[in-house]
Amino acid sequence: MSQFKVTKAVIPVAGLGTRFLPATKAMPKEMLPLIDKPVIQYVVEEAVSAGLQDVLMVTGRNKNTLENHFDRVAELEANLERKGDHDRLAKVMASTDLANIHYVRQGDPRGLGHAVLKAKAHIAEHSFALLLGDDVMDARDPLLTKMLELHESTGENVIALMEVDPSQIHLYGCAVTQGEVVDGVVRVTSLVEKPKTEEAPSNLAIIGRYVLRPEIFDILEETAPGRGGEIQLTDALMTAAQNPDRAGGVLGVVFKGRRYDTGDKLDFIKATLRIAVDREDIGQDLRQWLHEFNNEI
Ligand code: G1P
């Protein structure tokens, strides 16, 4: 097995979800449903379909709902079984059987870098994938698999990048890149977390997918709080990019597919519609209704 073969995924889900209050007052934002599945299930499914069965969630408050979603619900299962409702039973069981899910609690919310550090004991000496629970990549546009292959063949840290409108770059980590290594892959030479538009060195944003070497933990331990007084993963990656001998360099895969920031209200609605129009059960009716609705507004 290659030294850089990845088998584990880490998903931080400790955010407060303030942009969705009051819906997220008593429920983690990752449990908001896109049609009939919570956002977190799409993210876990993405990890699993890229071959990562071992999933560690770094949780915060309200973790119970998340844990319950991926656990058995004996009563509900027995009830559906009795009724012979096998379709629904399969849906209920799908999240239970999906992956081997582990949980660790973040404690103080001291930033994404701090959340990632909580995975150190579980990950130990291996490379791992990091998927941010807010970002849903359309399953029709595979990204993680390409990132894992790139990591395996180069041994470098790999991050996903996407061109955004310059007015939006202040919401993201921003990458400075050099040329194109191969098709859609760039070398990252520098990174800055959430720069002001007028100071941003590019419009290439980090989107929530990373494949990281374990050396990132040592770097994170030495990384001083950055933007917002939080330990920033972007700052640790900047150290990795500038010290390739220590932690491997950083490559970026430029994603041109469909990505939904489900932490954003408008994007959440767009994600729902984009996914729903292609669903077998409701897609056709929804398309027709959307045409009618379009004439109304
Ligand atoms: C985090 C990262 C940022 C990245 C973004 C992607 O920010 O710190 O570098 O661009 O995720 O969604 P957050 O959205 O958690 O504020």
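Just so you know, ligand 1 is whichever comes first in the structure, and atom 1 is the first atom listed for that ligand.
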- atom 11 (O) of ligand 1: which protein heavy atom is closest, and how many Å away?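 Scanning the protein heavy atoms, the shortest distance from atom 11 (O) of ligand 1 goes to Leu132 CD1, 3.2 Å.
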
- Of the protein's non-hydrogen atoms, which lies at the shortest distance from atom 9 (O) of ligand 1, and what is that distance?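 Ranking protein heavy atoms by distance from atom 9 (O) of ligand 1, first comes Glu193 OE1, 2.7 Å.
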
- Where do Gln288 and Gln284 land on the side chain to side chain donor-acceptor pair (under 3.5 Å) test, with the steps shown first? CA-CA 6 Å; Gln288 198 182 332; Gln284 213 181 347; over 6 Å; no

- Test item, Asp135 contacting ligand 1 (heavy atom, 4.0 angstrom):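 Contact present.
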
- Is the shortest heavy-atom distance from the side chain of Val188 to the side chain of Val176 under 4.5 Å?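 A side-chain contact under 4.5 Å is absent here.
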
- Going by the angle between their ring planes, with limits at 30° and 60°, are His102 and His122 parallel, tilted or perpendicular?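 It falls in the tilted class, 30° to 60°.
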
- Among Thr24, Asp134, Thr18, which one satisfies side chain to side chain donor-acceptor pair (under 3.5 Å) with Lys29?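 Single side chain to side chain donor-acceptor pair (under 3.5 Å) partner of Lys29 among Thr24, Asp134, Thr18: Asp134.
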
- Query: Within 45° of the six-membered ring axis of Tyr260 and under 6.0 Å from that ring's centre, is NZ or CZ of Lys270 located there?
  - Reply: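 Negative - Lys270 is either too far from the ring of Tyr260 or too far off its axis.
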
- State whether the shortest distance between N or O atoms of Lys194 and N or O atoms of ligand 1 falls below 3.5 angstrom.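 Min N/O separation from ligand 1 is below 3.5 Å for Lys194.
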
- Can you list the ligand 1 atoms lying under 4.0 Å from a non-hydrogen atom of Gly173?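 Listed by number with element, the hits are 3 (C), 4 (C), 9 (O), 10 (O).
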
- For ligand 1, which atoms sit closer than 4.0 Å to a heavy atom of Thr234?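 It comes down to these atoms of ligand 1: 9 (O).
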
- Query: Of the choices Ile206, Asp264, Asp235, Leu233, which has the non-hydrogen atom that lies closest to atom 10 (O) of ligand 1?
  - Reply: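 That would be Ile206.
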
- Please state which part of Asp261 comes within less than 4.0 Å of ligand 1, counting heavy atoms only: side chain, backbone, both or neither.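 Contact part for Asp261 vs ligand 1: neither.
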
- Message: For Asp183, I'd like to know if atom CG has over 12 heavy atoms of other residues, nucleotides or ligands within 6.0 Å.
- Response: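 Counting neighbours around CG of Asp183, 12 or fewer heavy atoms of other residues, nucleotides or ligands fall under 6.0 Å, so no.
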
- Using links of under 4.5 Å between side-chain heavy atoms of ILVMFWY residues, direct or through other members, which residues join Leu286 in one cluster?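 Hydrophobic cluster check, Leu286: joined to Ile269, Leu273, Val277, Trp289, Leu290, Phe293, Ile297.
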
- Might you check, step by step, whether the distance between atom 15 (O) of ligand 1 and some protein heavy atom is under 4.0 Å?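 There is no protein heavy atom less than 4.0 Å from atom 15 (O) of ligand 1.
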
